[in-house]
Amino acid sequence: MSEIGKGRKGIEVSIAMADAVAQADVDVIAAYPITPQTHIVEHLADIVANGELDAEFVPVESEHSAMSVCCGSAAVGARTFTSTSSQGLALMSEIFIIAAAMRLPMVMALANRSLSSPLSIWNDHTDVMMVRDAGWIHFFVENGQEAYDGIFNAFRMSEDPGVMLPVAVNLDGFIMTHMVEPVEYVDGELIKKYLPEFKMKNALHPDNPVSMGCFAMPEIYTEAQMSREVGIKDAYPTIVKAWDEWGALTGRHYKPIETYRTDDADYCIITMGSFGETAMEVADMLREEGEKVGVVKIRLWRPFPMEEFRKSVLGKKYLIVLDRAISFGSQGGPVAMELRSALYGQKDAPVVVNYVAGLAGRDVSRKDFRNIILEGKKKAVSGHTDGFTLYGLRG
Amino acid sequence: MAKPIDEITWQELGIGAVVTEIGNSVQYKTGSWRSERPVVKKEHCIKCGVCWLFCPDMSIVQTPEGHFTANLEFCKGCGICAKECPVGCITMQGEEA
């Protein structure tokens with residue numbers, strides 16, 4: 001176990017995440033450096049090379065190999081971590097999907113970045129949306145503390161014998177990865193209490209041979225898919241419990257759906273990721289002007305917390321959903337599509353207006369949020385709710 | 001496998017469809033999509049084993065008398081054995097016929 005002590009530190013979020021991985025006493029790290037994930041794995045490489053963490057750091061030749069190594073190490077029951085971004089995720093996508101299908105527990109820090117082309121290194125959610133249907137557990141963090149805490153939460157969820165699924169901790173590239181923030185570290189005693197030793201059921205071992213990732217005829221593939229669907233849905237209570245217990249130990253409470261000033265709100269803005277912090281500030285400003293607006297933040301993206309989401313918004317007049325990706329040729333942003341689908345046919349369902357903003361790191365300021373919220377409200381009132389609006393688009 | 005593959009329910013599949021029983025691939029019959037089957041004229045067979053050598057799916061087996069025949073639970077009906085047989089004693093016959 002690493003000697004990283006507890007206490008409050010001013011630290012780059014990537015370094016804090018890497019420290020959390022070391023504190024979680026990970027056994028294997030396989031990763032290929034890619035902007036903006038680089039500092040996370042570079043710091044882990046340092047920690048391992050310095051002898052501060054007894055782990056295998058495998059400097060692979062590509063992300064496809066990184067995920068292959070991770071599958072192998074998880075299959076023998078080793079605590080496994082990787083991190084990637086954008087093109088790296090695209091390259092590893094073949095094995096990424098297999099990790100979930102074979103129910104191999106591991107944790108990934110996914111530093112969200114736009115996909116090429118045009119080539120861009122900056123943040124949006126096009127990379128994570130590409131693997132939306134891969135079967136991983138995905139949650140989003142919106143500040144350094146959540147990123148640090150999220151690593152422990154993710155290992156706890158992933159390795160639970162009733163879950164056995166890979167977990168991606170999504171954080172906005174640069175906006176979070178390269179930010180220096182105050183982060184409260186936890187100590188080893190707390191981690192020991194929170195994160196039990198990983199015991200993989202049916203781990204690969206010569207004494208107990210098993211076959212993983214076998215060929216399936218049409219007669220059995222359907223049943224295998226149902227097993228995955230039930231598996232990720234059944235993970236939900238364990239995910240909630242992992243956050244609840246973390247809250248009890250640290251006083252930092254996380255929920256699948258976070259709400260801010262929604263109780264008496266007429267309408268809400270909905271965000272996922274680092275947009276949430278700005279949204280809360282702007283909601284405060286607008287409240288002072290008499291706008292009864294609240295903020296709903298989606299923390300857990302897969303499995304989607306359907307009931308909690310509905311509970312938080314049914315009865316509101318309209319929802320302004322802010323996406324950071326486009327599903328080309330569809331209704332618009334993947335989050336808005338998800339929410340429209342969750343609300344369809346529900347009693348007292350709010351009207352959904354969809355904006356896409358902040359693509360490839362384009363700044364979305366408080367002023368922009370204000371415009372989106374007020375314009376969105378006008379659209380909802382006048383019934384212009386079809387499709388989506390690309391905010392700040394020229395021409 | 002305790003049960004034939006087309007009777008196993010999703011609940012009975014282990015997490016990640018891990019197969020914990022060893023050597024059960026012989027029970028995994030893969031010959032169902034064949035449209036033609038090889039038929040061997042034993043009286044012309046010279047027991048050379050070329051069909052056995054060329055079969056890409058190891059579905060040709062030798063009988064106790066030394067002739068070669070296809071194991072139809074695994075044979076896909078590709079016809080390579082019929083094409084390669086040096087004495088032409090294998091013909092492909094339609095499954096419907």
Side-chain angles (χ1 to χ4, degrees), chain A residues 70-72 74-77 95 97-106 134-137 158-166 198-235 238, chain B residues 1-39 51-61 69-82 92-97:
Chain A
C70 288
C71 283
V76 298
I95 314 298
I97 296 164
I98 288 172
M102 285 168 59
R103 307 287 292 269
L104 297 170
M106 67 183 75
W136 279 53
I137 293 172
S158 176
E159 295 170 358
D160 187 285
V163 175
M164 303 280 287
L165 280 169
F198 175 32
K199 291 211 173 88
M200 170 89 173
K201 196 190 165 207
N202 290 329
L204 287 180
H205 193 279
D207 294 345
N208 182 30
V210 296
S211 301
M212 294 178 173
C214 294
F215 169 81
M217 297 278 277
E219 288 89 337
I220 197 72
Y221 188 86
T222 305
E223 281 67 26
Q225 295 302 89
M226 185 60 180
S227 169
R228 290 179 62 186
E229 165 64 9
V230 172
I232 193 164
K233 287 250 175 80
D234 282 357
T238 309
Chain B
M1 276 174 280
K3 272 185 177 182
I5 195 80
D6 56 357
E7 288 177 21
I8 294 173
T9 64
W10 69 262
Q11 293 94 337
E12 289 162 344
L13 274 179
I15 281 185
V18 170
V19 177
T20 53
E21 193 185 330
I22 305 163
N24 62 10
S25 61
V26 289
Q27 296 167 42
Y28 216 164
K29 314 293 186 211
T30 52
S32 61
W33 62 71
R34 184 180 56 242
S35 59
E36 287 186 324
R37 65 167 68 193
V39 178
C51 55
W52 175 87
L53 195 64
F54 274 86
C55 176
D57 229 352
M58 294 182 281
S59 298
I60 300 283
V61 287
T69 183
N71 179 344
L72 294 176
E73 286 178 337
F74 297 100
C75 169
K76 313 292 186 295
C78 71
I80 288 175
C81 53
M92 298 302 290
Q93 286 186 9
E95 280 293 346
E96 298 299 322

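Chain letters run A, B, ... following the sequence lines, proteins first and then strands; every chain starts at 1.
For chain B, the nearby parts of Ala224(A) are the backbone and the side chain; heavy atoms of each come within less than 4.5 Å. For a residue to count as touching a neighbouring chain, one of its non-hydrogen atoms must lie under 4.5 Å from one of that chain's; by this rule Ala100(A) does not touch chain B. Residue Ile22(B) touches chain A through its side chain alone, counting heavy-atom pairs closer than 4.5 Å. Interface remark: Thr9(B) contributes backbone atoms only to the contact with chain A (heavy atom separation under 4.5 Å).
Counting heavy atoms of neighbouring residues, nucleotides and ligands inside a 6.0 Å radius, atom CH2 of Trp52(B) does not exceed 12 of them.
Taking the salt bridge (Lys or Arg N to Asp or Glu O under 4.0 Å) definition, one finds that Lys201(A) meets it with nothing, sequence neighbours left out.
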Problem - Verdict with reasoning, Met212(A) to Cys71(A), per side chain to side chain contact (heavy atoms under 4.5 Å, CB included) - result: CA-CA 11 Å; Met212(A) 294 178 173; Cys71(A) 283; over 6 Å; no

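Between Phe54(B) and Ile80(B) there is a side-chain heavy-atom pair separated by less than 4.5 Å.
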